[in-house]
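Down below is the structure, laid out as structure tokens.
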Amino acid sequence: MKLANTVVILDFETTGLSPDNGDRAIEIGAVRIENGQITDRFQELMNPGRRINSFIEDYTGITNNMLKTVSSCADVMTRFHQFIGDDNLVAHNASFDKRFLDAEFKRLNLDYSGSFACSLLVARRIYQQAPDHKLGTLVRYKGLDAKGDFHRALFDAEMTTKLWLIMLEDMSERYNLAQVSFDMITKLSKKSKSSIGAFLNAQ
DNA sequence: TGCCAGGCCCTCTTTAGGGCCTT
């Protein structure tokens, strides 16, 4: 199977669920894969300029003390902008990470040209029998090696990467595809569950 | 004081509601 596309798989930890309500990023983790191999990684904590609440401290393990001495969101996101370049992007529940990426970049007048794909939407289509489609559940469901802490940015990005690669492999095998392109996956994500078999068989 | 996310997707649907996912 050939995986021609280079993608950056990313994950944010944040102060909450909504940048429109003032929530900010506190950590970004990302993995670059080229031809199915990990070629680069990015992980940085960032200081959102205010205290984070105890729920987020407990949920992520990231404490206010840890954020005291780290770079500002502006500095980290500027470096992350350089890291992603023009690559396409993947995240688990991408609509969440895209909102924070867009909000943090907007504050810096930064733009990017890559498109987003969502591993959650793909998993809901090709693993319809999974107990649910949370990242941790899917990692266990597929028997992927998971040594580390969920809800930290780089670890979740690494787990999403493993899930992404096994999904490409499963699609390739199940539908006898020589190549699974990023474009094909984004199209698949918009198909109804009942029509994906016909869609992939037609590739 | 009272407000409190948003997109996807299913169904007892489309003049709507609620569960799933992300922090």
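Excluded from the calculations below are hydrogen atoms, water molecules and symmetry mates; all remaining heavy atoms, backbone and side chain alike, are included. Order of the sequence lines sets the chain letters (A, B, ...), proteins ahead of strands, with each chain counted from 1. None of the values given here were measured: they were computed from a predicted structure.
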How is [X] classified with respect to the nucleic acid when contacts are heavy atoms under 4.0 Å: base, sugar-phosphate, or nothing?
X: A/Asp156; result: sugar-phosphate
X: A/Thr60; result: sugar-phosphate
X: A/Asp132; result: sugar-phosphate
X: A/Phe100; result: nothing
X: A/Arg152; result: nothing
X: A/Asp23; result: nothing
X: A/Ile26; result: nothing

When the [atom1] atoms of [M] and [N] are compared, how many Å lie between them, rounded to an integer?
N: B/dG2; M: B/dG7; atom1: P; answer: 28 Å
N: B/dT15; M: B/dG19; atom1: C1'; answer: 22 Å
N: B/dC12; M: B/dG17; atom1: C1'; answer: 11 Å
N: B/dT23; M: B/dC4; atom1: C1'; answer: 15 Å
N: B/dT14; M: B/dC9; atom1: C1'; answer: 14 Å
N: B/dC8; M: B/dC3; atom1: P; answer: 27 Å

> On DNA chain B, nearest-nucleotide positions of A/Ser18 versus A/His92: which is more 5'?
Replying inline: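 Looking at DNA chain B, the more 5' nearest nucleotide goes with A/Ser18.
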>> Both A/Ser95 and A/Gly136 contact DNA chain B. Taking the nearest nucleotide for each, which residue is further toward the 5' end?
In response: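 Mapping each residue to its closest nucleotide by heavy atoms, the 5'-most match is A/Ser95.
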For the pair made of [atom1] in [X] and [atom2] in [N], what is the distance, rounded to whole Å?
X: A/Leu135; N: B/dC20; atom1: CG; atom2: P; answer: 17 Å
X: A/Lys191; N: B/dC10; atom1: NZ; atom2: P; answer: 15 Å
X: A/Ile56; N: B/dA5; atom1: CD1; atom2: P; answer: 14 Å
X: A/Asn93; N: B/dC9; atom1: CG; atom2: C1'; answer: 13 Å
X: A/Asp20; N: B/dC3; atom1: CG; atom2: C1'; answer: 15 Å
X: A/Ile28; N: B/dT22; atom1: CD1; atom2: C1'; answer: 13 Å
X: A/Arg99; N: B/dT22; atom1: CZ; atom2: P; answer: 13 Å
X: A/Phe116; N: B/dG6; atom1: CZ; atom2: P; answer: 17 Å

Examine the side chains of [X] and [Y] and answer whether a donor and an acceptor come within less than 3.5 Å of each other.
X: A/Asp102; Y: A/Tyr112; result: yes
X: A/Asp132; Y: A/Thr137; result: yes
X: A/Glu34; Y: A/Thr39; result: yes

> Considering only B/dT22, B/dC8, B/dC21, which nucleotide approaches the side chain of A/Phe96 most closely?
Replying inline: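 Nearest listed nucleotide: B/dT22.
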> Considering only B/dT22, B/dA5, B/dC9, which nucleotide approaches the side chain of A/Lys134 most closely?
Replying inline: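 My answer, after comparing the listed nucleotides, is B/dT22.
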Phosphate OP1/OP2 of [N]: any [X] side-chain N/O under 4.0 Å:
X: A/Arg24; N: B/dT23; value: no
X: A/His133; N: B/dC20; value: no
X: A/His151; N: B/dT23; value: yes

>> Do A/Ile26 and A/Ile52 have side chains that approach each other closer than 4.5 Å (heavy atoms only, starting at C-beta)?
In response: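 Contact flag for A/Ile26/A/Ile52 side chains = yes.
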> Is A/His81 reaching over with its side chain to a backbone N or O of A/Asp111, donor-acceptor style, under 3.5 angstrom?
Replying inline: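 It does hold such a pair.
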>> Can you tell me how the ring of A/Phe80 sits relative to the ring of A/Phe12, calling it parallel under 30°, perpendicular over 60° and tilted otherwise?
In response: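 Rings of A/Phe80 and A/Phe12: perpendicular, over 60°.
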> How are the rings of A/Phe96 and A/Phe100 set relative to one another: parallel (under 30°), tilted (30 to 60°) or perpendicular (over 60°)?
Replying inline: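 Judged by the thresholds at 30° and 60°, the geometry between A/Phe96 and A/Phe100 is tilted.
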